[in-house]
Colleague: 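Quick one: this structure, given as structure tokens, is what I'll be asking you about.
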Amino acid sequence: MTTPAQPAAPSVSAHYDRVTIAFHWLTALLVVGLFALAEIWGFLPRGTPTRRLLQHLHISFGLLFAAVFVLRAVWRLTAGRRLPPAATGWLRVAGTGMHGLLYLLMAAQIVLGFLFRWAQGEPFAFFGLFDVPTLIAIDHEQRRFIGGLHDTVAWCIIILALLHALAGLFHHYVLRDGVLRRMLSSR
């Protein structure tokens, strides 16, 4: 008795456009870099020039991350290439939920970063080129709470980003459905 052959998993061959791909990888690089800077300065004594340099770099790259995030969201909502879902069923729900949660956490992290800096009551600049004005007065006593949230959200983003990367590898090596290739250059 023969059983009907299972249909092969559909191969997802289309690629995202170059701008979408660039935003994706730039976002990944900035998230990992910002996290690494904060973790590294945690091992350095307070007030040292190296620690202050890493903090200034974190702030400047954080501002760059905020700009990239906004531009990425605008691009995704307007001109970015939309591809059909890569999976169905629970994999589709998990993937959609993962992306939504990552976007939400990244947006929250940007807001928390600004609030934390404003709560510290110190000016901050973008690579020394211009200062960011204080738009909202935050009680100095709130800085520990906001800083703790900023740290917690950072860890959540890193864990979800790791799961996101593992899911991409699962699609590539186990399901062999071409999902990972969608976010690589079409060349």
Side-chain angles (χ1 to χ4, degrees), residues 16-17 19-44 51-78 80 82-83 85-87 90-120 122 124-127 132 135-136 138 142-173 179-184:
Y16 285 102
D17 58 275
V19 175
T20 300
I21 292 170
F23 275 138
H24 176 271
W25 294 110
L26 182 56
T27 299
L29 181 66
L30 286 167
V31 163
V32 170
L34 286 164
F35 185 81
L37 283 170
E39 290 302 305
I40 291 167
W41 89 55
F43 292 104
L44 301 174
R51 182 179 170 117
R52 273 193 235 122
L53 172 65
L54 294 179
Q55 289 170 333
H56 289 298
L57 287 173
H58 181 84
I59 290 164
S60 293
F61 280 113
L63 291 168
L64 179 62
F65 172 67
V68 166
F69 178 81
V70 169
L71 292 172
R72 179 181 181 178
V74 168
W75 178 257
R76 182 175 177 162
L77 294 172
T78 59
R82 288 171 180 63
L83 297 178
W90 73 270
L91 283 176
R92 180 177 180 181
V93 171
T96 302
M98 172 74 72
H99 283 109
L101 189 54
L102 274 170
Y103 270 85
L104 178 68
L105 288 172
M106 288 187 296
Q109 188 68 334
I110 291 165
V111 170
L112 287 168
F114 276 92
L115 294 176
F116 181 60
R117 197 64 188 167
W118 290 333
Q120 288 177 314
E122 300 172 11
F124 59 107
F126 180 71
F127 295 107
V132 175
L135 299 178
I136 302 171
I138 306 292
Q142 295 297 317
R143 76 181 192 287
R144 284 197 198 284
F145 174 74
I146 295 168
L149 279 177
H150 190 64
D151 187 57
T152 300
V153 170
W155 275 101
C156 290
I157 290 171
I158 286 297
I159 291 167
L160 286 177
L162 177 62
L163 291 173
H164 177 69
L166 290 173
L169 293 173
F170 176 77
H171 275 279
H172 188 72
Y173 291 108
V179 168
L180 183 60
R181 287 189 295 272
R182 291 162 60 137
M183 199 47 79
L184 300 174

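Everything numeric in this text was worked out from a predicted model, so none of it was measured. For the numbers below, each heavy atom of this structure counts, side chains included, while hydrogens, waters and symmetry mates do not.
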Colleague: How long is the span from the CZ atom in Arg143 to the CZ atom in Arg117, to the nearest 0.5 Å?
Modeller: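 So the CZ of Arg143 and the CZ of Arg117 are separated by 11.5 Å.
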
Colleague: Check whether any side-chain heavy atom of His171 sits under 4.5 Å from a side-chain heavy atom of Leu180, and report yes or no.
Modeller: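 Heavy-atom side-chain distance check fails, nothing below 4.5 Å.
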
Colleague: Got Phe114 and Val132 here, is their nearest side-chain heavy-atom distance under 4.5 Å?
Modeller: yes

Colleague: Looking at Ser60 and Ala125, what are the two nearest heavy atoms and their distance?
Modeller: OG-O, 3.3 Å

Colleague: If you round to the nearest 0.5 Å, how far is CG of Leu101 from CG of Leu160?
Modeller: 5.0 Å

Colleague: Evaluate whether atom CZ of Phe145 has more than 12 neighbouring non-hydrogen atoms of other residues, nucleotides or ligands under 6.0 angstrom away.
Modeller: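 Result for CZ/Phe145: open.
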
Colleague: Between Leu162 and Leu166, is any pair of side-chain heavy atoms under 4.5 Å apart?
Modeller: yes

Colleague: Report the distance from atom CD1 of Ile110 to atom CG of Leu105, rounding to the nearest 0.5 Å.
Modeller: 11.0 Å

Colleague: Check the side chains of Arg76 and Tyr16 for a donor-acceptor pair under 3.5 angstrom, ignoring hydrogens and angles.
Modeller: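 Short answer, no.
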
Colleague: Please report the interatomic distance CG(Leu91) to OG1(Thr96), rounded to the nearest 0.5 Å.
Modeller: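 If we round to the nearest 0.5 Å, Leu91:CG and Thr96:OG1 are 10.5 Å apart.
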
Colleague: With rounding to the nearest 0.5 Å, note down the distance linking CZ in Phe65 to CD1 in Ile59.
Modeller: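 CD1 of Ile59 is found 15.5 Å from CZ of Phe65.
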
Colleague: Quick one: does Phe124's side chain get under 4.5 Å of His56's, heavy atoms only?
Modeller: no

Colleague: Any side-chain heavy-atom pair from Leu57 and Phe127 closer than 4.5 angstrom?
Modeller: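 They are in side-chain contact.
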
Colleague: Measure the shortest side-chain to side-chain distance between Trp118 and Gln142 over non-hydrogen atoms and say whether it is less than 4.5 angstrom.
Modeller: no

Colleague: Could you report the tightest heavy-atom contact between Ala119 and Ile146, atom names first, then the distance?
Modeller: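 That closest heavy-atom pairing would be CB-CD1, 4.3 Å.
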
Colleague: Please find out if less than 6.0 Å separates the ring center of Phe23 from that of Phe69.
Modeller: no

Colleague: After noting the C-alpha distance and the side-chain angles of Phe116 and Ile138, does the key distance pass the side chain to side chain contact (heavy atoms under 4.5 Å, CB included) rule?
Modeller: CA-CA 8 Å; Phe116 181 60; Ile138 306 292; over 6 Å; no

Colleague: Between His24 and His164, what is the ring plane arrangement, given parallel below 30°, perpendicular above 60°, and tilted in between?
Modeller: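 His24 vs His164 ring planes: tilted.
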
Colleague: On a heavy-atom basis, which atom in Ile158 and which in Val32 lie closest, and how many Å separate them?
Modeller: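 Shortest heavy-atom contact: CD1-CA, 4.5 Å.
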
Colleague: State, to 0.1 Å, how close Gln109 and Ala154 come at their nearest heavy-atom pair, and which atoms those are.
Modeller: NE2-CB, 3.3 Å

Colleague: For the CD atom of Gln55 and the CG atom of Leu44, what is their distance to the nearest 0.5 Å?
Modeller: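 So the gap between those two atoms works out to 9.0 Å.
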
Colleague: Quick check: does any side chain N or O of Trp25 sit under 3.5 Å from a backbone N or O of Thr20, one acting as donor and the other as acceptor?
Modeller: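 Side chain of Trp25 to backbone of Thr20, a donor-acceptor pair under 3.5 Å: no, none is there.
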
Colleague: Contact between Met106 and Thr27 at the side-chain level, heavy atoms closer than 4.5 Å - yes or no?
Modeller: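 Touching, per the 4.5 Å side-chain cut-off.
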
